[in-house]
Amino acid sequence: MYSKTLIDHFRNPRNMGRMENPDAVGKGGNPVCGDVMYIYLKIKDNRIEDIKFETFGCAAAIGTTSMITEMAKGKTLEEAMKITKKDVENAVGGLPPIKRHCSNLSADVLRKAIEKYLAEQKAKSGKKKGK
Amino acid sequence: MYSKTLIDHFRNPRNMGRMENPDAVGKGGNPVCGDVMYIYLKIKDNRIEDIKFETFGCAAAIGTTSMITEMAKGKTLEEAMKITKKDVENAVGGLPPIKRHCSNLSADVLRKAIEKYLAEQKAKSGKKKGK
Amino acid sequence: MKVYMDHAATTPVDSRVVEAMEPYFSDKYGNPSSLYTAGLEAREAVEDARGRVARLLNGAPEGIIFTSGGTESNNLALKGVAFANRKKGRHIITTKIEHHAVLEPCEWLAKQGFEITYLPVDEHGLVKPESLEEALRDDTILVSIMHANNEIGTIEPIEELAGIVKDHGAYFHTDAVQTYGKIPVDVQKMNVDLLSLSSHKIYGPKGVGALYVRRGVRMDPLLHGGGHEFRKRSGTENVPGIVGLGKAAEIAEKEMDRDAKKLTRLRDRLIKGALAIENSRLNGHPEKRLPNNANFVFLFVEGESLILELDFYGIAANTGSACSSKTLEPSHVLSAIGLKPEETHGSLRLTLGRQNTKEEVDYVLEVLPKVVGRLRQISPFKTDFVMEE
Amino acid sequence: MKVYMDHAATTPVDSRVVEAMEPYFSDKYGNPSSLYTAGLEAREAVEDARGRVARLLNGAPEGIIFTSGGTESNNLALKGVAFANRKKGRHIITTKIEHHAVLEPCEWLAKQGFEITYLPVDEHGLVKPESLEEALRDDTILVSIMHANNEIGTIEPIEELAGIVKDHGAYFHTDAVQTYGKIPVDVQKMNVDLLSLSSHKIYGPKGVGALYVRRGVRMDPLLHGGGHEFRKRSGTENVPGIVGLGKAAEIAEKEMDRDAKKLTRLRDRLIKGALAIENSRLNGHPEKRLPNNANFVFLFVEGESLILELDFYGIAANTGSACSSKTLEPSHVLSAIGLKPEETHGSLRLTLGRQNTKEEVDYVLEVLPKVVGRLRQISPFKTDFVMEE
Ligand SMILES: Cc1ncc(COP(=O)(O)O)c(C=O)c1O
Ligand SMILES: Cc1ncc(COP(=O)(O)O)c(C=O)c1O
């Protein structure tokens with residue numbers, strides 16, 4: 001059912017846990033549906049310096065979130081935002097069809113985190129300018 | 001399915017074959033239905049002196065006809081006429097329900113033969129009287 | 001000597017099949033729906049079998065729906081298509097010589113408001129393509145014609161018959177229970193939408209079969225439940241049974257051609273020998289027949305007696321006689337090819353299998369005249385069925 | 001250590017059962033409908049099994065209809081009764097916690113013009129007799145309530161429920177797939193007209209089951225064909241499967257009481273130990289539950305993850321989590337007893353069997369806290385399901 005890679009990420013999740021004072025947080029999913037991901041980012045010079053995650057959900061949800069943290073770490077925000085669901089799916093070696101939609105949300109969550117960060121930065125610099 | 005007794009009568013039919021110059025013949029069944037019995041009688045002093053049969057049909061048909069020839073042989077006509085379907089069925093050690101009706105006709109055929117014989121005798125003696 | 005010649009009724013399970021099944025009883029016993037290792041193992045075995053079964057009919061694995069046997073496959077095909085398409089139409093076409101597992105569902109569907117046309121066959125049991133053409137109507141939703149007949153062995157021209165239906169919009173189903181694994185079956189070439197097969201006719205275990213369903217066919221399930229078998233047939237998968245059917249298909253794929261050649265030779269020897277008995281006749285088509293099927297009429301004897309008598313000689317055979325059936329009705333197939341009722345009583349079916357030998361055939365040919373002779377001796381009919389008065 | 005604790009899903013076939021089945025594959029392979037010795041031999045084996053299966057539910061052997069499993073038995077009961085009695089009425093009563101093999105046929109029947117009432121259950125999964133009384137109507141033809149629930153193990157008061165229906169004229173069916181062979185089942189005492197059972201849940205082979213039908217019940221067949229099984233279920237009999245079920249019933253008759261006592265002890269040890277994990281809860285009734293069933297919720301973890309993680313430790317278990325189902329819907333049973341969706345995700349079902357030992361239970365109790373702990377560490381929820389914004 002699951003690839004070796006996915007199972008490895010499920011069993012040995014990378015970058016797992018909450019982050020103190022993150023620069024950005026992305027949240028996605030819904031406990032009612034059974035999959036919730038939190039992605040925490042430390043950003044420096046437009047680059048993801050550190051990344052952490054917490055996931056409530058099935059092996060696919062945990063494994064793909066773990067995977068994206070590896071993929072995103074060290075990338076620029078622009079690069080990181082280009083990571084798609086499909087990229088994550090490919091990186092974990094494929095997913096059962098039924099898992100593609102609801103459990104593979106990490107790319108959205110990461111993008112949301114970055115967008116929020118960028119919007120905040122903009123607002124801040126706007127404020128600065130506005131001052 | 002069939003009792004040992006029936007199978008024995010099927011495999012080793014008693015009194016089997018056509019009879020030359022019988023005193024009476026009973027016929028029953030229908031080739032369309034798959035069961036036909038002929039019973040031939042030699043009668044002397046109101047008693048069945050000899051009896052033979054021919055049967056086209058299933059093992060139940062062959063076995064029960066064979067059985068009735070043994071039961072009837074030596075009996076008076078009155079005694080022989082009292083043999084019922086049920087008597088034959090009991091004598092062969094029972095029959096599968098589905099076989100009770102269509103294949104167990106020999107009692108009827110024997111009765112028919114005797115009745116015909118008695119009617120002929122009556123007609124003959126009537127004629128004699130009438131003369 | 002023990003001679004089993006009723007392979008159209010059922011076959012012994014091939015020892016290689018038994019061996020393949022064995023681990024799945026007490027060792028790899030997981031439920032294929034389960035997520036843990038034992039479940040995945042069972043799932044893999046089921047999917048492996050699905051692939052093998054599919055390959056032997058040249059169809060997609062996703063088209064194979066495992067069932068409990070030929071009867072369920074036929075019921076699923078007929079009722080499944082009927083219920084799902086009844087807004088389109090309520091007319092179904094089949095033939096007079098189908099197995100009861102097609103005729104009875106049709107009669108039940110007739111009670112539910114469907115209209116059934118039963119095509120006639122010629123004296124050899126062949127469906128005439130023209131009769132199908134004539135019977136097709138705008139509201140015909142399904143045509144079901146068997147690939148080969150189980151009693152007389154006649155092989156129908158399915159490719160041609162399905163070709164007629166192809167542009168019409170009705171689905172074409174064929175009951176291939178007597179052909180799959182015995183002669184080539186190719187759903188692409190035959191152009192069929194649904195095809196029934198059964199494991200115990202091809203040296204696999206009883207209690208398992210399959211329905212091939214072409215992608216896109218609209219049908220309701222017959223067994224509703226947990227959504228197994230692509231939501232078309234629910235129920236915990238019969239894993240050892242399915243593995244057994246898969247193995248039987250694999251063996252058939254390799255050995256079918258060789259078997260068919262051998263069986264044809266034996267069959268022809270059997271037919272030639274048996275027809276030397278007087279007042280005998282061959283039923284079915286002289287050439288277009290299953291390699292393993294011989295079906296005779298021996299006048300003036302009755303089939304059930306014949307079977308029991310042969311059994312004493314260790315020979316297992318079958319008959320279309322009314323006396324041997326649960327309903328006391330003579331074979332509808334023999335009637336459909338024009339036999340009179342009194343003739344159908346004397347029918348004998350011998351169906352050969354993988355294990356049968358020339359010696360066995362010769363033994364049957366030695367016993368048969370004796371047995372027929374003895375029963376004719378008991379019978380009042382010797383030259384004709386007329387009852388003298 | 002390998003620990004199988006998913007016996008409600010399926011069981012290993014008992015080695016005595018395998019042994020009983022073996023002769024019927026390649027040796028005594030006759031078709032029970034055949035007239036010759038091999039056929040009679042097979043018939044005898046089938047009837048012998050029928051007697052054993054009947055005895056374990058205190059019914060007449062003629063009431064046992066062999067099927068391909070629990071799903072077919074349920075479908076046959078529901079659709080068979082519905083179609084044969086629809087002139088009398090079109091109302092059927094069942095419950096919200098039935099197996100899919102009852103719910104799905106009901107939904108299909110609803111599309112065919114039947115009306116279905118789904119009774120609610122209380123927080124322990126019990127059907128309230130009053131709710132059945134209220135639901136009964138003049139046109140109610142069938143009531144179907146399961147004997148024990150497969151997920152939470154709650155045992156329903158069938159005797160009382162069937163008593164309510166008795167004088168009403170509707171038939172009463174119970175799905176006893178999880179009870180037959182595990183706890184006493186007596187169709188006379190329970191007053192049921194139809195009862196479903198399945199072989200692979202009681203150490204028999206997959207692919208066989210039975211429906212008990214009380215004499216006089218009006219029903220249509222579901223599989224039409226050659227008229228097997230008292231004309232109620234056609235198809236060549238799965239002889240080895242039926243023999244296996246018969247043997248499994250025979251063993252259960254002898255060992256059920258002893259097994260139930262042992263399993264209850266193990267189950268209670270398991271429940272006590274597991275509830276020591278914080279934020280955990282037992283689902284189902286505290287007493288009226290199957291001797292082998294334990295069902296928990298562990299908050300803040302998801303069931304599929306739990307199953308996979310346990311599998312790494314060699315433990316086979318089950319969950320009602322949506323993520324583990326084909327439809328991505330959470331368990332309808334857990335919802336019916338009032339669990340919130342986020343809670344159902346964390347459900348874990350452990351069902352014990354004949355082979356399980358105290359050591360295995362203790363191993364599970366050692367592993368379980370670790371596994372739940374690890375997943376909670378990964379989870380963003382630690383004390384509540386609230387998503388902070
Ligand atoms: C042509 C045909 N169709 C269907 C069936 C029914 O198959 P099964 O016995 O597997 O239910 C048979 C055999 O009995 C058959 O010969
Ligand atoms: C209560 C209940 N009913 C019906 C079934 C279906 O039985 P089977 O898997 O034999 O089709 C099951 C098991 O899956 C069950 O637990």
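Please read all numbers here as calculations on a predicted model, not as lab measurements. So you know, we letter chains A, B, ... as the sequences are listed, proteins then strands, and number each from 1.
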field: Residue, of D/Asn31, D/Val13, D/Leu78, D/Thr10, that accumulates the most heavy atom pairs under 4.5 Å with chain C
entry: D/Val13
task: Enter the distance from D/Glu72:CD to C/Thr67:OG1 here, rounded to the nearest 0.5 Å.
output: 10.0 Å
message: With rounding to the nearest 0.5 angstrom, report the CZ to OG distance, C/Arg233 to D/Ser68.
response: 4.0 Å
- prompt: What part of D/Phe312 is in contact with chain C, defined as an atom under 4.5 angstrom from a non-hydrogen atom: side chain, backbone, both or neither?
  reply: neither
message: Looking only at heavy atoms and a cut-off of under 4.5 Å, which of C/Tyr24, C/Tyr203, C/Tyr36 has the most pairs with chain D?
response: C/Tyr36
- request: Tell me, please, which residues at least two apart from C/Glu41 pass salt bridge (Lys or Arg N to Asp or Glu O under 4.0 Å).
  value: none
Which atoms of D/Ser34 approach chain C - backbone, side chain, both or neither, heavy atom under 4.5 Å: side chain
query: Is the count of non-hydrogen atoms from other residues, nucleotides or ligands lying under 6.0 Å from D/Glu19 atom CD greater than 12?
result: no
message: Among D/Asn75, D/Thr11, D/Thr71, which residue has the highest count of heavy-atom pairs closer than 4.5 Å to chain C?
response: D/Asn75
query: Between D/Gly209, D/Ser234, D/Gly241, D/Gly69, which residue shows the highest count of heavy-atom pairs closer than 4.5 Å to chain C?
result: D/Ser234
statement: Most contact-rich option vs chain D, by heavy-atom pairs under 4.5 angstrom, among C/Val239, C/Ile307, C/Asp6, is C/Asp6
- line: Most contact-rich option vs chain D, by heavy-atom pairs under 4.5 angstrom, among C/Pro221, C/Pro240, C/Gly314, C/Ala317, is C/Ala317
query: Where on C/Phe83 is there a heavy atom nearer than 4.5 Å to chain D: the side chain, the backbone, both, or neither?
result: side chain
message: If we define contacts as heavy-atom pairs under 4.5 Å, which of D/His224, D/His228, D/His200 has the most with chain C?
response: D/His224
query: If you count heavy-atom pairs under 4.5 Å with chain C, which of D/Ser15, D/Gly70, D/Gly30, D/Ser198 comes out on top?
result: D/Gly30
- prompt: Within a radius of less than 6.0 Å around CD of C/Gln112, do more than 12 heavy atoms belonging to other residues, nucleotides or ligands occur?
  reply: yes
Would you give me the side-chain donor-acceptor pairs under 3.5 Å for residues 104-111 of chain D, sequence neighbours excluded?
{"unit_1": "D/Trp108", "atom_1": "NE1", "unit_2": "C/Asp220", "atom_2": "OD2", "d": "2.7"}

message: For D/Leu222, is there any backbone N or O sitting under 3.5 Å from a side-chain donor or acceptor partner on C/Lys79?
response: yes
- request: Flag the one option from C/Glu22, C/Arg231, C/His100 with the top tally of heavy-atom pairs under 4.5 Å to chain D.
  value: C/His100
task: Measure distances from D/Lys28 to the heavy atoms of chain C and classify the residue's part below 4.5 Å as side chain, backbone, both or neither.
output: neither
query: Who among D/Thr236, D/Leu103, D/Leu308, D/Val18 has the most heavy-atom pairs with chain C under 4.5 Å?
result: D/Thr236
- prompt: Side chain, backbone, both or neither: which part of C/Asn238 has a heavy atom under 4.5 Å from chain D?
  reply: both
query: Checking side chain to side chain contact (heavy atoms under 4.5 Å, CB included) against D/Asp311, which of C/Thr37, C/Leu40, C/Leu35 comes through?
result: C/Thr37
task: Specify whether D/Phe25 and C/Phe25 have parallel, tilted or perpendicular ring planes, treating 30° as the upper limit for parallel and 60° as the lower limit for perpendicular.
output: tilted
